[in-house]
There are 2 protein chains.
Amino acid sequence: MEHRKVPEHEAIYLRIREMILFGVLVPGQPVTIQGLVEVLDAGTTPVREAIRRLTAEGALEAKGNRRITVPELSLTQVEELYFARLSIEPKLVQIAVPRANEELTKHLREIDNHLNAAISEGDIEGYLKYNYRFHFALYEAAGAGILLALAQSLWLRAGPSLRGVLGRYANTIQPDQHDITIRALENHDAATACRAIEDDIRQGMDQVRQVLIFGDSATQNTVKSVLAD
Amino acid sequence: MEHRKVPEHEAIYLRIREMILFGVLVPGQPVTIQGLVEVLDAGTTPVREAIRRLTAEGALEAKGNRRITVPELSLTQVEELYFARLSIEPKLVQIAVPRANEELTKHLREIDNHLNAAISEGDIEGYLKYNYRFHFALYEAAGAGILLALAQSLWLRAGPSLRGVLGRYANTIQPDQHDITIRALENHDAATACRAIEDDIRQGMDQVRQVLIFGDSATQNTVKSVLAD
DNA sequence: TTCTCAAAAATATGATCAAATATTTTGAAC
DNA sequence: GTTCAAAATATTTGATCATATTTTTGAGAA
């Protein structure tokens, strides 16, 4: 069991999933089986099965014409994600807090250090990766598999659009909700931890909403100028 | 577009999905590709792809030994579903209420009439079908695809266990939350509609919880005695 | 230039088979 | 009866191909 061979379709699924989560695949982009086969140097059957799985999760969108794209979020969908994230993720935190131990908080601090380094270096993909890892290390500690799956589905839907946020707001100083969260965990203060995660979600989703309202043409320019530093 | 040919894998997915929702497939039951191929008189590829999709949605559970089963709900998972349903479904109702029109309430009444007939006849599968249809006719009216997908995923997870509830509680008189809901829709009274759905969810999930706590051996006997009427 | 139409190209879908993996059955020994 | 190993069986996984469907391309007409 420990050394169970991971089926190829699972490995491929995880790779495509990360491409979606971290904005390698962008909203509106068509996704084809053969395209992924070539990019990933994989077989068609595992890619097909991974795609089927990801469409079931809302991470990819099956169009009526047998084509598959990365979903684009409408404003009302952002509102839906906003609501759902605020419903599910703090609950995961609430469940996790009584279970938090030093190992967890230490692990979260490590991730957050990487995250802060990525911010300092203007490393967008690093930021997205460690932000995701921070959140899910915490949520996994809750041991609530169904809520966790819901949260992951929400992140998969939001992932490609989050990338559009970063150039625009990279210079914006936001209160560090992660640090607040970690301290609350150490104190087993569920209310503070939940509020910090809620505020973190609000900050992030407010920014996604802004980008959608004002468009992302200004965003592309500021991505370049930020990364030039 | 209107007469788009529906791929076989989608049609098969819908059929298996209903088997799960309405308790034809029971918790713990192994599910094999060849088994479904024979039951559904279908091809292996569409069945495989449907299974992959359903496991992604949590409706089926991939075990570490490459076997697939219908999930069994633990008590903590029931609590998770309880919380998630109470978070998501009333929100769908809240969004739907301002959009409710006479066509919708008429449609809901028709479904509810079928549901009540099924109850009178002791028709368990009919009950499950029309209960599902009632809820989702309402939720679909919200036009909130992401929240709808979350709700459907929750129902898929709970579906097989709901069947275990029915024999046990079929004689229990519960306030008819559906009728209350319809009337609230007619009056565009979102608060009442949401509360009715919340109460409906509580009634249902309390019963699932009870069955899990006390076991279902008594349930099987009462299924038989109820259906003998 | 635009529009139409047919052919070519791209892509998804389903079938089928072999290989890999896991479980069950069988038979022997104690 | 139990235990264990080997054989048989069941099942999943991945490859590969043919078929079906959709999009793109290019030629001709207006």
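This structure is a prediction, so every number in the text was calculated from the model and none was measured. First the proteins, then the strands, lettered A, B, ... as listed; each starts at 1. The figures here come from the full heavy-atom set of this structure, side chains too, leaving out hydrogens, waters and symmetry mates.
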Of A/T45 and A/I51, the one whose closest DNA chain C nucleotide lies more 5':
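Nearest-nucleotide comparison on DNA chain C picks A/I51.
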Counting only heavy atoms not in B/F83 (residues, nucleotides, ligands), do more than 12 fall under 6.0 Å from its CZ?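 Enclosed.
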Notebook entry, point to check: salt bridge (charged side-chain N to carboxylate O under 4.0 Å, His left out): which pairs involve residues 15-34 of chain A, sequence neighbours left out?
Noted result: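 Every pair satisfying salt bridge (charged side-chain N to carboxylate O under 4.0 Å, His left out) with a residue in residues 15-34 of chain A: there are none.
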Rounded to whole angstroms, how far apart are [atom1] on [X] and [atom2] on [N]?
{"X": "A/R67", "N": "D/dT21", "atom1": "CZ", "atom2": "P", "result": "13 Å"}
{"X": "A/K63", "N": "D/dT23", "atom1": "NZ", "atom2": "P", "result": "12 Å"}
{"X": "A/E10", "N": "D/dT12", "atom1": "CD", "atom2": "P", "result": "14 Å"}
{"X": "A/E8", "N": "D/dA15", "atom1": "CD", "atom2": "P", "result": "7 Å"}
{"X": "B/L60", "N": "D/dT12", "atom1": "CG", "atom2": "P", "result": "11 Å"}
{"X": "B/I68", "N": "D/dT11", "atom1": "CD1", "atom2": "C1'", "result": "11 Å"}
{"X": "A/E49", "N": "D/dG14", "atom1": "CD", "atom2": "C1'", "result": "8 Å"}

Looking at B/N65, does any N or O in its side chain come under 4.0 Å of the phosphate oxygens OP1/OP2 on C/dT21?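 It does not, given that no N or O in the side chain of B/N65 lies less than 4.0 Å from OP1 or OP2 of C/dT21.
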Using residues 47-54 of chain B as the side-chain source, report each donor-acceptor pair under 3.5 Å to any protein atom, sequence neighbours left out, with the distance given to one decimal.
residue: B/R48; atom: NE; partner: A/E49; partner atom: OE2; Å: 3.0
residue: B/R48; atom: NH2; partner: A/E49; partner atom: OE2; Å: 2.9
residue: B/E49; atom: OE1; partner: A/R52; partner atom: NE; Å: 3.1
residue: B/E49; atom: OE1; partner: A/R52; partner atom: NH2; Å: 2.5
residue: B/E49; atom: OE2; partner: A/R48; partner atom: NE; Å: 3.0
residue: B/E49; atom: OE2; partner: A/R48; partner atom: NH2; Å: 2.9
residue: B/R52; atom: NE; partner: A/E49; partner atom: OE1; Å: 3.1
residue: B/R52; atom: NH2; partner: A/E49; partner atom: OE1; Å: 2.5

Give each protein N/O atom lying under 3.5 Å from an N/O atom of nucleotides 17-20 of chain C, with the pair distance.
residue: C/dA20; atom: N3; partner: B/R66; partner atom: NH2; Å: 3.4

Using residues 21-36 of chain B as the side-chain source, report each donor-acceptor pair under 3.5 Å to any protein atom, sequence neighbours left out, with the distance given to one decimal.
residue: B/Q29; atom: OE1; partner: B/V26; partner atom: N; Å: 2.9
residue: B/T32; atom: OG1; partner: B/G35; partner atom: N; Å: 2.9
residue: B/Q34; atom: NE2; partner: B/E38; partner atom: OE2; Å: 3.2

Review point. Got a sec? Which of residues 25-43 of chain B come in under 4.0 Å of DNA chain D, heavy atoms?
Key: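 Output list: B/V31, B/T32, B/I33.
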Would you please name every residue forming a side chain to side chain donor-acceptor pair (under 3.5 Å) with B/E61, sequence neighbours left out?
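For B/E61 there are no side chain to side chain donor-acceptor pair (under 3.5 Å) partners, ignoring immediate neighbours.
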- Query: Are A/D112 and A/R109 within salt-bridge range, i.e. N to O under 4.0 Å?
  - Reply: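 No salt bridge links A/D112 with A/R109.
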Report task. When you get a sec, tell me which of D/dT23, D/dG14, C/dT16 is the closest nucleotide to the side chain of A/H9? Result ->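 Nearest nucleotide to the side chain: D/dG14.
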Could you work out, with side chain to side chain contact (heavy atoms under 4.5 Å, CB included) as the rule, every residue matching A/S74, not counting sequence neighbours?
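For A/S74 the side chain to side chain contact (heavy atoms under 4.5 Å, CB included) partners, ignoring immediate neighbours, are A/T76, A/Q77.
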- request: Identify, with sequence neighbours excluded, every residue that meets side chain to side chain contact (heavy atoms under 4.5 Å, CB included) alongside A/N113.
  value: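 Scan of A/N113 (side chain to side chain contact (heavy atoms under 4.5 Å, CB included), adjacent residues dropped) gives none.
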Exercise answer: donor-acceptor pairs, residues 147-162 of chain B side-chain atoms, under 3.5 Å, sequence neighbours excluded:
residue: B/S153; atom: OG; partner: B/E57; partner atom: O; Å: 3.3
residue: B/W155; atom: NE1; partner: B/E89; partner atom: OE1; Å: 3.4
residue: B/W155; atom: NE1; partner: B/E89; partner atom: OE2; Å: 3.0

